[in-house]
Amino acid sequence: GRQGEPVARVSGADGDGDDVLDLLAAAAEAVRDAIAPLVVRYGARPDRSSDAADEADEIAERAALGVLGNGVRVLSECAGWVGSGDVEVVLDPIDGTNNLVRGIPYSGPSLFAVDRGGRMTAVVLNAFTGRTFWARSGEGAYRDGERLLSIPPPAGDVIVGGAHDVERGSWPRLLGATAHTLCAVAEGRLDGYRTPEDSPDRSWDLLAGALIAAEAGFDVRVVGGGDVFAIDRTANSWIIVEWAPPRGQDGDDASSRSRT
């Protein structure tokens with residue numbers, strides 16, 4: 001295919017889950033193409049109106065659903081549950097819509113899928129930079145074909161996405177897009193993440209990014225316990241993502257360790 005097509009961006013993937021991964025990547029690319037004029041427009045001059053944000057979400061959702069098509073059950077932030085099928089997809093057409101319309105370069109589609117056998121797949125694409133992150137259960141996390149591996153936080157200042165962690169003395173950074181924040185954790189730009197107490201995450205906010213962070217080797221857990229990867233249209237979630245010493249000598253994968 002031409003340079004930049006989804007299959008090229010998720011190169012290195014193999015196995016029975018290729019169809020799901022390629023479907024998510026194709027939907028993400030369709031969103032990127034559909035909102036490209038908005039990226040240019042708002043990169044030059046921001047529009048802080050709710051109309052601009054609503055328009056962007058509508059354009060993005062229409063592009064994604066047009067690719068996902070039949071045979072997939074989709075939970076979209078905007079439309080709710082759509083369609084039916086053996087694969088469930090959780091879609092945030094634009095994670096960080098307000099960032100997009102203000103020209104802040106942490107924004108783009110976020111997609112998470114789980115098949116009937118419980119295998120999970122995630123794709124997050126930054127519409128400004130074109131960087132594509134993906135992960136699949138037990139296969140690691142990647143950015144444009146490069147494997148992402150967690151590293152211990154620095155001995156000095158620890159900078160995390162989301163809320164300040166008093167116990168660990170971390171410095172918070174609010175990027176305005178949970179999935180992209182978690183990808184920044186996975187690639188080592190941030191040292192962890194904690195959901196702000198007054199701004200809970202929803203399934204479409206966190207699932208894709210949480211899988212990518214978990215597959216990069218981070219410990220991902222729900223505050224108070226629970227399944228990180230539970231799909232729920234109405235539930236609020238607070239999660240903590242932090243580096244943990246590698247575990248897995250017994251063969252367990254990162255995302256299974258991060259479920260509770």
Side-chain angles (χ1 to χ4, degrees), residues 4 24-68 74-83 89-112 122-133 160-164 172-185 189-190 193-210 212 232-239:
L24 298 190
E29 292 282 0
V31 171
R32 185 192 68 169
D33 292 345
I35 66 174
L38 303 183
V39 171
V40 174
R41 179 193 308 169
Y42 299 131
R45 176 174 295 180
D47 185 339
R48 296 177 291 178
S49 70
S50 59
D51 288 344
D54 291 344
E55 177 194 30
D57 279 332
E58 290 173 5
I59 291 171
E61 183 177 65
R62 185 165 57 246
L65 293 179
V67 172
L68 294 173
V74 181
L75 173 60
S76 177
E77 178 183 15
C78 304
W81 284 107
V82 179
V89 174
V90 179
L91 165 69
D92 191 344
I94 303 176
D95 178 51
T97 307
N98 285 323
N99 284 353
L100 173 71
V101 299
R102 292 167 181 255
I104 300 171
Y106 274 95
S107 181
S110 171
L111 299 101
F112 169 89
V123 172
V124 176
L125 187 153
N126 187 314
F128 284 83
T129 66
R131 286 178 173 168
T132 301
F133 299 81
V160 301
H164 177 53
R173 294 292 184 272
L174 290 171
L175 303 184
T178 299
H180 294 277
T181 301
L182 293 172
C183 287
V185 174
R189 299 183 190 278
L190 295 172
Y193 175 79
R194 188 181 186 100
T195 306
E197 185 176 347
D198 60 351
S199 184
D201 289 310
R202 308 292 285 274
S203 288
W204 45 79
D205 296 317
L206 66 86
L207 289 183
I212 290 166
D232 192 316
R233 183 179 181 183
T234 60
N236 294 327
S237 295
W238 289 263
I239 67 168

*With side chains defined as the heavy atoms from C-beta onward, is the minimum distance between L206 and Y193 less than 4.5 Å?*
no
_Between W81 and L75, does the side chain to side chain contact (heavy atoms under 4.5 Å, CB included) criterion hold? Intermediate values first, please._
CA-CA 4 Å; W81 284 107; L75 173 60; 3.7 Å; yes
*Answer whether the closest heavy-atom distance between the side chains of R194 and W238 falls below 4.5 Å.*
no
*From R32 CZ over to T129 OG1, what is the distance, rounded to the nearest 0.5 angstrom?*
9.5 Å
*Measure the CD1-CG distance between I239 and D201 for me, rounded to the nearest 0.5 Å.*
5.5 Å
*Can you find a pair of side-chain heavy atoms, one from L175 and one from L190, that are under 4.5 Å apart?*
yes
*asked:* Looking at every heavy atom in both L125 and H180, which two are closest together, and how far apart are they?
replied: O-CE1, 3.2 Å
*First locate atom CD of E55, then atom OG1 of T97, and finally report the distance between them rounded to the nearest 0.5 Å.*
12.0 Å
_side chain to side chain donor-acceptor pair (under 3.5 Å): pairs with one or both residues in residues 39-53, sequence neighbours excluded_ = D47-S49
*Got a second to check how far S110's OG is from L91's CG, nearest 0.5 Å?*
8.0 Å
*Give the minimum heavy-atom separation between A34 and P37, together with the two atoms involved.*
O-CD, 3.6 Å
_Counting C-beta onward and ignoring hydrogens, is there a side-chain heavy-atom pair between V31 and P93 closer than 4.5 Å?_
no
_Do T195 and N236 have side chains that approach each other closer than 4.5 Å (heavy atoms only, starting at C-beta)?_
no
*asked:* Measuring from atom CG of D92 to atom CD of E61, what distance do you get when rounded to the nearest 0.5 angstrom?
replied: 10.0 Å
*With sequence neighbours left out, write down each residue that passes side chain to side chain donor-acceptor pair (under 3.5 Å) with D232, or none if nothing qualifies.*
T234
*Rounded distance (nearest 0.5 Å) linking atom CD of E77 with atom CD1 of I94*: 9.5 Å
*Of all the heavy-atom pairs spanning F112 and A208, show the shortest one and how long it is.*
CB-N, 3.8 Å
*Nearest non-hydrogen partners of G209 and V124, listed with the distance*: N-CG2, 4.4 Å
_Nearest heavy-atom neighbours spanning A64 and A27_ = O-CB, 4.1 Å
*asked:* I'd like to know whether D95 forms a side chain to side chain contact (heavy atoms under 4.5 Å, CB included) with Y106, so could you lay out the CA-CA distance, the side-chain angles of the two residues, the decisive distance to 0.1 Å, and finally the verdict.
replied: CA-CA 8 Å; D95 178 51; Y106 274 95; over 6 Å; no
*Atom of L111, atom of L24 and distance for their closest heavy-atom approach*: CD1-O, 3.8 Å
*Candidate pair L38 and V101, rule side chain to side chain contact (heavy atoms under 4.5 Å, CB included), full reasoning*: CA-CA 8 Å; L38 303 183; V101 299; over 6 Å; no
*W204 and S76, any side-chain heavy atoms less than 4.5 Å apart*: no
*Residues in side chain to side chain donor-acceptor pair (under 3.5 Å) with N126, at least two apart?*
none
